[in-house]
Amino acid sequence: MTNLPLWIIPLFPLLGTILLGTVAVVSSGSKKGPSEGFVGALSVLFPALSFVSVVLLAFGMPEEGIRQTLCNWIDIPMLKVNIGFLFDGLSRVMLLFVTGIGSLIALYSIGYMHGDRGFTRFFAYINLFLFSMIVLVLSDSLLLTFLGWEGVGLCSYLLIGFWNHDLNNCKAANKAFIVNRVGDIGFLLGMLCLATLGGSAILNYDALNKFIEMLIAGGHVELATPIIAIAGLLFFVGCTGKSAQIPLLTWLPDAMAGPTPVSALIHAATMVTSGVYLLARLSRMFSVIPEVLMIVLIVGMLTAFWAAVAGLFQNDIKKVLAYSTISQLGYMFMAAGASAYDASIFHVFTHAFFKAALFLGAGAVIHALAGEQDMRRMGGLIKKTPVTACVMIFAFLAIIGFPGFAGFWSKDLILERLYTNAPFGEFFYGVGLLTAVITAVYMGRLIIMTFFGEYRGPKEKEAHIHEAPACMLFPMVILAVGAVFAGYLWADSLGIKFFEGTLAPVVGVAQDFVVGKLAVAHVNPMAFACFGTAAALLGMFIAYAIYGTKRLPRLHAKWGSAPEGFKADWTFFFDYIHSIFIVMFKAAAFVADVFVDKVLQAIQWTIGAIAEIVGDGVSSFQARKVRVQLTLSLVGLVALTAVVLLTGGLF
Amino acid sequence: MLLHLLVLAPFVAAVLMAATSKEDPKSSSRLAFLFGYAFVALSIALIASGNQATEAIEWFHIPGAKGSVYYYLYSHGLGAWMVLLSTSLSLVALMTARNTLDTNYRNFAIGIFALMGAMNGTFLAADAVLFFFFFEAMVIPAAILIAAYGGKERTKAAMTFAIYTLVGSAPMMVALWYLVTVADNSLVLSLAVALQNLDPAMQSTLLACFLLAFMVKTPIFPFHGWQAITYAEAPAPLSAILTGAMSKAGVFGFIAWILPIFPLSMEWVDAMMWLGLLTAVYGAMLAFRAMDGKKLLAYSSMGHLGLAVAGVFSLSESMLPAVLVLLVAHGLSAGAQFYLMGIAERFAGTRDIEQLGGLAKRNPVFGSLFGFVAVLSLAVPGTAGFVGEFTVLMSLWDMGPLPALVAGLCLILSAAYMLRFVQKVIFGTPARQYEDGKRMTALEGSSIGVMGVLLLVFGMHPAFITNALQLFDENAVQEMNKVSHPETAPVESSTVEAPADVVDDATADENVAAVAQPMTEEDLRQLDSNLKANGFSDEERASLIAQLKAMSESEVAEAPEQNEATANEEASENE
Amino acid sequence: MELQPIFIQMLALLLFAIGLATALARRNVFFVLMGIELALNAVNLSFVGFAKTLPAAESVAGQIVPLFSIAVAAAEACVGLALVILIFRNRESVDSDNYSNMKG
Amino acid sequence: MLALIYFIILAVIAVGAACCVFLSKHPLYGGLSLVLTMLSLAGIYGLLGSPFIGVVQIMVYAGAIMMLLVFVISVLNAAKDNRTPMFDGTSIFVLIGVLGLAGLIGFALVLTPLGFDATTLRGSVEMTSSNLFDTAQTGPGYFVLFEVLGLLLLSSMGAAVLMAKKRLGSDASVEAASEEAIAEEKEEK
C-alpha cells in the first residue's frame with residue numbers, strides 16, 4: 001500500500017480541475033449547460049479518490065514519514081528548487097481532513113448549487129482549491145508551499161467573487177485577495193530572508209530543520225537569531241494574512257459573500273488554518289526565537305478575544321460564524337505561540353469538523369429560507385428543519401466546549417497548555433477562558449435566534465421552508481458525528497493520546513526544546529476541564545437569559561432589511577486602519593497622476609514646442625494672409641533701409 | 001545563416017507581402033501567417049542551437065573612426081529569447097489583426113514584418129553601430145503603423161512616440177560616435193577597453209548619454225511621457241508588440257551594452273536601481289487610477305519593466321536569468337493582455353473601463369481567458385511571472401531588505417490594480433449594449449490561450465528559458481569561434497592562457513600594428529576584472545573575451561602584409 | 001529753375017509708393033495687379049532718370065533696360081491675369097484675402 | 001524752364017492718376033486712370049530724351065492695360081463679392097510702412113548729389129536698335145537677352161491661354177462635369 005506515489009494525491013483534483021474547466025468552457029456557449037449529475041459525479045469523484053489514496057497512504061506510513069522528489073522545478077544559479085512531497089504526521093492529519101471534508105462539501109455543493117448557471121465552473125474552482133491546498137500541505141519545501149499558499153488565495157478570490165455579476169461580491173473578493181497578498185509578500189520576503197542565511201537549499205523543510213539543529217549544536221544561535229527572527233516575523237505576517245489574524249483579519253467576514261459551501265470549506269475548515277499549519281511546520285525554526293512566539297501568542301489572544309466580541313453584534317448568520325472562525329483561529333495561534341503545536345493542530349482538526357458542520361447547517365438554513373441570511377428574520381426553524389437543527393446544535397455544543405464534544409477536548413488542551421507553557425500563563429489562560437464564555441454567548445444567540453422562538457420572517461415565505469435534500473444532509477450528519485467524536489482522538493483527561501503520538505515526530509523536538517526550559521507547573525487536568533465546562537455553561541446561560549427569554553432583538557425598522565452588501569454589521573477599527581492606508585495610497589496615486597504626471601507632460605510639451613519653433617523657423621509665426629506677410633516684409637525693408645541709412649552701411 | 005535569416009528575411013517578407021492583394025485580407029493573411037510561423041520556427045531553432053555568430057562583414061567606415069563598422073550578428077540566450085518574443089508576438093498580432101482591422105491588412109503586415117526585422121537586428125547585433133542602426137530603425141515602422149491604424153489621436157501619438165524615442169537616443173548617437181573614434185572598432189569589448197582610458201568625467205558623460213536612450217525606450221520614470229498615449233492609441237496588436245518586445249530593447253540595452261562597456265560606480269548602480277523601483281511604484285499608482293484600459297496596461301507594463309531594471313542593477317549573480325525570465329513572462333502576459341483588450345474594444349467600441357463590464361456573462365470564453373491571463377500577470381506561483389519576480393526580488397534582497405520591500409509593495413499594488421481592471425472589464429452587469437456578431441474567433445482565442453499555457457509551462461519549468469543562458473560554456477564558445485573564424489580558432493585558444501612574455505611582445509607590437517592590434521592581454525585582464533565587478537559570471541566573461549579575441553585576430557588576418565607577419569610570428573611563438 | 005534729376009527721382013518714388021500702397025492695401029485682386037504695374041513703371045522712370053545723369057557709354061544701359069522691363073511686365077500681366085481668372089473660377093471671388101492660405 | 005513746366009504738368013497728371021488708381025472703387029476706373037498715368041509717363045520719357053521708350057510704353061501698355069480692362073469688364077460682373085470694402089486694418093499698416101519707406105528713400109535721394117550729364121545719348125530708335133542688334137559693337141549680351149525675352153513672351157502667352165481655357169478639347173458636358181468636380185472640391189474644403 002505504501003508504494004503509492006505521493007503525487008497521485010494532488011493529481012486527482014488537478015485532473016478534475018482540467019476536466020471540469022474544459023467542460024465549463026466548452027459548454028459555456030450552450031444555453032442548457034452540461035448535465036448536473038455528470039458534472040457533480042465527476043467533481044465528487046476526484047476529491048474522493050484523493051481522499052482514498054490519502055487514507056491508503058496514511059495507514060502504511062512509517063514513523064518518520066515519506067519523502068519523494070518528483071522533479072526539478074526552478075534551476076537558476078541562485079535558486080535551485082525541486083518539486084518534492086513530504087508525507088508525515090502533520091501532513092497526514094491535514095490531508096485527511098482536507099480531502100475528507102473537501103469531498104463531503106463537494107457532495108453538499110451538488111445540492112446547494114443546483115440550478116446555478118456556473119455549476120461546472122464552481123466545481124472546477126473547488127477542485128483547483130483542493131489541489132492547491134494539497135500542494136500547500138504536502139510539499140516539502142517552502143517555495144512549493146508558497147505555490148499552494150497563493151493558489152488557495154487565488155481560489156478563495158475566485159470563489160468569493162463567484163457570483164460576479166454583483167460588484168459587491170467582486171469587491172469582497174478583491175479585498176480578500178489583496179489582504180492575502182500583503183500576507184503573501186511577508187511569506188515571500190521571509191523565504192528570501194532565510195535564503196540569505198543558508199542559500200536556496202534551506203527552503204526545504206528538512207534542510208531547514210537540520211540547519212537549525214546545526215546552529216544549536218554549534219552554539220551559533222545568537223549569531224543567526226536576528227535574521228531568523230526577522231524571517232519568523234515575516235512568515236508570521238504571512239500567517240496572519242491567510243489565517244485572518246490581527247491586523248489582516250478584515251477580509252474574512254467579507255469573504256462570506258461567496259457561496260456557503262465555499263465559506264465552509266475554505267473560510268472555515270481548510271485554507272484559513274494553513275497559517276497554523278505553517279507555524280507547526282516551521283516549529284523548529286520558531287523554537288529558537290521565543291520573542292516571535294510571544295508576539296504570536298499576544299496576537300492570537302487579541303484576535304480570539306476581539307473577534308468573539310465582534311461576533312456578539314452580527315445579525316448575518318454567516319458573519320457570526322466568520323467571526324467565530326477568526327476567534328477559534330486566535331485560539332490556535334495562542335497555542336502555537338505557547339509552543340503547543342500539537343494542541344493547535346488538534347484544534348484545527350476538531351474545528352474543521354464542527355465549523356464545517358455549522359457552516360453547512362447555516363447553508364441549509366439559507367437554502368431553506370431561499371437566500372435569507374439575516375438572523376432577525378429567522379426563528380423557530382427547529383420544527384421545520386429538525387435535522388439541520390440537530391446538526392447545528394451538536395456543532396454548537398462542540399464549539400463552546402461542552403464536555404464530551406470535540407471542541408471540549410481541543411480547547412481544554414489549549415487552555416491547559418497556555419497555563420503551563422506560556423510565560424504569564426495565568427493571564428493568557430484567563431483571557432482564553434473569558435473568550436470561551438463569550439463564544440458560548442454568541443453561539444447561543446445564533447442558535448436561539450435561528451431555531452427557537454417564533455418565525456419572524458415574511459409570512460408568505462413560511463410555507464416554502466423545507467428540509468434540505470439528502471445529498472446536503474448526508475455530509476452534514478457525517479460532520480456532526482465528527483463534531484461529536486473527533487475529540488476522542490486525544491482525550492487527555494481520559495488518557496487517550498493518539499493524536500499527540502502522530503504529531504510527535506514533527507513538532508515534538510521543537511516543543512521539547514521550548515518546554516524543556518520551563519518549569520512546568522503541575523495542575524490537575526480535571527481542574528481545567530471543570531473550568532472549561534463552567535465557562536461553556538455560563539455562556540449558555542447568559543445567552544438564554546438575554547436572547548431566549550425576551551425574544552430579542554426585534555427587527556428595527558430603521559435597520560433596513562438584510563445586511564447591506566459585503567459590509568459586516570459591526571467590525572473593529574481595522575477596516576478603518578486599512579482604509580487609512582488605502583486612502584494614503586490613493587492620495588499618492590492622485591498626486592502622481594494629476595500633479596507629477598501633468599508637470600512632466602507640461603515640461604515635455606514645452607520642450608516639444610520649443611523644438612518645433614526652432615525646427616520650423618519663422619514659419620511658426622506665419623500669418624494666413626498674403627498681404628499681411630508682404631506688409632511685414634515691407635516693414636522689414638523699411639527697418640533695413642533705416643539701419644543702412646542711419647549707420648552709413650552695416651559694415 | 002539562422003541569424004541572417006532572422007534579421008534580413010523579415011524585410012524580404014515585407015517586400016513580398018507588397019505583392020499580395022490589398023483588398024482581400026484573406027489571401028494576404030495566409031501568406032503573412034506562413035511567414036509568421038516560419039519566423040517563429042526559426043527563432044525556436046535559434047534558441048535550441050545555442051550561441052552562434054556570423055562572419056563579421058565589413059560594412060562601412062565612420063569618418064574619424066579607427067576601425068570600420070561590421071555587419072556582425074551573434075546570439076546568446078538573452079537575445080535569442082527576445083527574438084522569440086518578437087517573432088511570436090508578431091505572429092499573434094497578425095492573427096488578431098485580421099479581425100480587428102477592416103482595411104488594408106496587407107500594409108499592416110508589411111509594417112509588422114519590417115518592425116520584426118528591426119527588432120531582431122537590435123537583439124542580435126554584435127556591433128554597437130549596427131545595434132544603434134536597428135535600435136533607431138525600430139521606431140519608424142512602429143510610428144507609421146500607429147499613424148496609419150491608430151485610434152482617434154493617432155497622429156499625435158505617433159509623433160510623440162517617434163520624437164521622444166529618437167530624441168532620447170540622439171545623445172547616445174553622439175556618445176557612440178565619440179567612443180568609436182577612440183576605440184579600435186565598434187564591438188563591445190573594444191569599446192569597453194577604449195572607455196577605460198578616458199577620464200572619469202568623460203566616462204560618466206558617455207554613460208549618461210547611453211543610459212538616457214535606454215531609459216526612454218524602457219521607459220523609466222521621468223521619461224515615460226510617450227508611453228501611455230502611444231500604447232493607448234496604437235492598434236492593440238501593435239501595442240502588444242511594442243510592450244512585449246520593443247520595450248524590452250531598453251532592458252536589453254542595459255544588460256547587453258551598458259553593463260559590459262561601462263565601469264559602473266556604486267552611485268550609478270544605486271541610482272538606477274532606485275529609479276527602476278520608483279518606476280515600478282509610479283507605474284502601479286498610475287495604473288490604479290487609469291480609466292483607459294490600454295493606458296492601464298501600459299502603466300502596468302511600465303511597473304513590471306521598472307522592476308526588471310531594478311533587478312538588472314542589483315547586479316547579483318543570478319540577475320541575468322532572473323531578469324530574462326521576468327522579461328519573457330512579462331512579454332507574453334502583457335502581450336496577451338493587450339490582445340484581449342483589443343478584442344474587448346472591438347466588442348464594446350470603447351476602451352473606457354467604466355463603460356465595459358459584464359463581459360464574463362456576455363462572452364464566457366473571453367471572460368475566462370481574460371481572467372486567466374490577468375492571473376498569469378499577477379505573478380501567482382506556478383506561472384513564469386512568479387519565477388521571474390521571485391528571483392528578481394532575490395537579487396534585490398542582495399542590495400538590502402529595503403529594495404526588496406519596495407518591490408514587494410509593487411507586487412501588492414499590481415494585485416490591486418489588476419483586480420480592479422478585471423472587475424471593471426469582465427465582472428458586474430453589462431454596462432452597455434454590446435453589438436451581437438462580434439465574437440472572438442477561434443484563431444485568436446487559441447493563440448492567446450497558447451501564450452497562457454506557455455506561461456504556465458515556463459512557470460513550472462523555467463529551465464526552458466534559463467538553460468539558454470548556460471550555453472556560455474567553453475565548448476560552445478570554441479564552436480562559435482570555429483564557425484566564425486575557422487582559420488584562427490586554434491590560435492586564440494592558446495592565447496587565452498598566454499604567458500607573460502607574450503604579453504610584452506604584444507604590447508610592443510602594438511605600435512607596429514596600431515590599426516589591427518586592438519586588444520592586449522593587459523586590456524583584457526583589466527576588462528575582465530571590470531566585468532567581474534559588474535556581475536558577469538565566469539562563463540559569460542570567458543565567452544565575451546573569446547569573442548573579442550576572435551574579432552581582433554580576424555582583423556589581424558585581414559590587415560596588410562606586415563601585420564599578418566606579426567600575427568603569424570605571435571602565433572608561432574605561442575605554439 | 002531748370003529740370004533737376006532729383007525731381008524725376010522724386011516723381012518715381014512717389015509713383016512707386018502709390019503703386020506699392022495700391023498693391024498691398026487694396027483687397028481687389030485687379031487693383032493689386034495695377035499697383036504692381038504702377039510700381040514697375042515708376043522703376044522704369046527711375047532708370048531713365050538715372051540714365052540721363054550718366055555719360056554716354058553707361059547711359060545706354062539705363063535706356064535699354066526699361067525696354068526689357070516693359071516686356072517682362074507685359075508677360076507678367078498676361079500670366080497674372082490668367083491666374084486670376086483661374087482662381088476666380090474656383091473661388092468666385094476677387095478678394096485677394098480669400099485666395100491666400102500661407103500658414104504652413 | 002519750359003521743360004520744368006511740362007514736367008510739372010505731366011508729373012501732376014501722373015500722380016493724380018496714380019492716386020485715382022489707388023482710390024477708385026471700380027477696377028474699370030482704376031484701369032483708365034492707370035492708362036492716364038502711363039501716357040503721362042510716356043510724355044516724361046519723351047521730355048527726358050528717350051522717345052523710343054515712350055512710344056514702346058504707349059504701345060505695350062496700351063495693349064496690356066486694354067486687355068486688363070477687357071478682362072475686368074468680362075469677369076467682374078460675375079464676381080459675387082465685388083462689393084468688398086476697399087481697405088481694411090491691414091491697409092493702414094501698409095500705408096504707414098510705405099510712407100516710412102518712401103520717406104527714408106526720399107531722404108537718401110535728397111542727400112545724393114545728382115546732375116544731368118550733357119553727353120548722354122538720346123534714346124532714339126537708331127541707338128536702341130544698334131545697341132540691341134549690332135553684336136559686333138556691343139557683344140552678344142543684349143541680343144541674346146532680347147531673344148530670350150521673346151521666348152518669355154511667347155511662353156507666357158501660351159501659359160495664359162492654357163490656364164485661362166477651361167479644359168483642352170472640352171465640350172459642354174465635360175465642362176459641366178468639371179464644374180461639378182470643382183464644386184465638390186470646394187465643399188470638401
Side-chain angles (χ1 to χ4, degrees), chain A residues 21 24-25 28-29 71-79 83 121 143-144 146-151 153-154 157-158 161 164-167 169-171 173-174 177-178 181-182 184-186 188-189 191-193 195-196 200 230 585-586 588-590 592-594 596-597 600-601 603-604 608 611, chain B residues 160 163-164 167 222 224-226 282 284-286 288-290 316-318 321-322 325 357-358 360-361 363-365 367-368 371 375 378 380-382 386-387 390-391 393-395 397-398 401 404-405 408-409 411-413 415-416 419-420 422-423 426-429 460-463 466-467 537:
Chain A
V25 170
S28 64
C71 63
N72 174 286
W73 180 14
I74 300 178
D75 186 12
I76 285 174
M78 254 171 80
L79 180 66
I83 296 182
R121 191 162 58 94
L143 206 65
L144 193 57
F146 190 62
L147 191 151
W149 190 268
E150 284 253 290
L154 179 67
Y157 163 77
L158 291 172
N164 54 34
H165 49 82
D166 185 358
L167 278 183
N169 294 348
C170 294
K171 279 179 189 156
N174 286 358
F177 192 83
I178 292 166
R181 202 84 209 266
V182 175
D184 292 348
I185 299 303
L188 204 153
L189 292 178
M191 282 194 285
L192 292 181
C193 206
T196 51
S200 64
I230 292 174
F585 166 65
K586 278 187 174 165
F590 180 79
D593 186 16
V594 175
V596 179
D597 218 48
L600 283 174
Q601 281 201 355
I603 293 172
Q604 160 192 335
Chain B
T160 317
I163 289 174
Y164 225 115
V167 167
H224 61 274
W226 60 272
Y282 189 82
M285 290 199 295
L286 286 191
F288 192 77
R289 281 185 59 84
S316 83
E317 189 195 342
S318 68
V325 177
K361 199 171 180 185
N363 194 337
V365 180
S368 18
V375 165
L378 277 181
V380 171
F386 168 71
V387 180
F390 183 74
T391 43
L393 270 172
M394 215 162 172
S395 308
W397 187 273
D398 274 7
L405 208 62
L409 177 72
L411 294 191
I412 298 172
L413 296 186
L419 292 187
R420 169 173 169 269
V422 169
Q423 176 198 321
I426 62 173
F427 290 158
T429 44
M460 291 318 288
H461 193 66
T466 53
N467 275 349
S537 71

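Quick caveat: nothing in here was measured; it's all calculated off a predicted structure.
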Evaluate the side chain to side chain contact (heavy atoms under 4.5 Å, CB included) criterion for residues B/Val375 and A/Tyr157: first the C-alpha distance (whole Å), next the side-chain angles of each, then the deciding distance (0.1 Å), finally the verdict.
CA-CA 11 Å; B/Val375 165; A/Tyr157 163 77; 5.5 Å; no
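- The shortest heavy-atom contact between A/Trp73 and B/Met460 is CD1-O, 2.9 Å.
- Taking the side-chain contact (heavy atoms from CB on, under 4.5 Å) definition, one finds that A/Val594 meets it with A/Phe590, B/Arg289, sequence neighbours left out.
- In this structure, the separation between CD on A/Gln604 and CD1 on B/Ile163 is 10.0 Å, given to the nearest 0.5 Å.
- Here the CG atom belonging to B/Leu411 is positioned 4.0 Å from the CD1 atom belonging to A/Ile185, to the nearest 0.5 angstrom.
- Residue B/Phe288 holds its CZ atom at 5.0 Å from NZ of A/Lys586, rounded to the nearest 0.5 Å.
- When heavy atoms are compared at a cutoff of 4.5 Å, A/Leu192 approaches chain B by way of both its backbone and its side chain.
- The heavy-atom pair separating B/Val365 from A/Val25 by the smallest distance is CG2-O, 4.1 Å.
- Heavy atoms closer than 4.5 Å to chain A are found in both the backbone and the side chain of B/Leu393.
- Using a 4.5 Å cut-off between heavy atoms, B/Val167 does not touch chain A at all.
- At a 4.5 Å heavy-atom cutoff, the contact between A/Ala195 and chain B is made by side-chain atoms alone.
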Check the pair A/Leu189, B/Trp397 against side chain to side chain contact (heavy atoms under 4.5 Å, CB included), reporting the backbone distance first and the verdict last.
CA-CA 9 Å; A/Leu189 292 178; B/Trp397 187 273; 4.0 Å; yes
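- Ranked by heavy-atom pairs shorter than 4.5 Å toward chain B, the options A/Asp166, A/Leu158, A/Thr196 are led by A/Thr196.
- The part of A/Leu154 that comes within reach of chain B is its side chain, from C-beta onward, which places non-hydrogen atoms under 4.5 angstrom from that chain.
- B/Phe386 meets the ring pair (Phe, Tyr, Trp, His ring centres under 6.0 Å) test with A/Phe146, B/Phe390; sequence neighbours excluded.
- Annotation for A/Asn174 and B/Gln423: closest pair ND2-OE1, 2.7 Å, computed over non-hydrogen atoms.
- For chain A, the nearby parts of B/Leu378 are the backbone and the side chain; heavy atoms of each come within less than 4.5 Å.
- Of the residues considered (A/Leu143, A/Leu147, A/Leu144), A/Leu147 shows the highest number of contacts with chain B, using heavy-atom pairs under 4.5 Å.
- B/Ile412 contributes atom CD1, which lies 9.0 Å from atom CG of A/Asp184 (distance to the nearest 0.5 angstrom).
- Using a 4.5 Å cut-off between heavy atoms, A/Cys71 makes no contact with chain B at all.
- With a 4.5 angstrom heavy-atom cutoff, A/Ile83 touches chain B only via side-chain atoms.
- Taking B/Pro222, B/Ala463, B/Ala415, B/Ala404 one by one and counting their heavy-atom pairs under 4.5 Å with chain A, the maximum is reached by B/Ala415.
- The closest side-chain donor-acceptor pair between A/Asp597 and B/His224 falls under 3.5 angstrom.
- With a 4.5 Å cut-off on side-chain heavy atoms, A/Phe585 and B/Met285 count as touching.
- When B/Ser368, B/Ser395, B/Pro401, B/Pro462 are compared by the number of non-hydrogen pairs under 4.5 Å with chain A, B/Pro462 comes out ahead.
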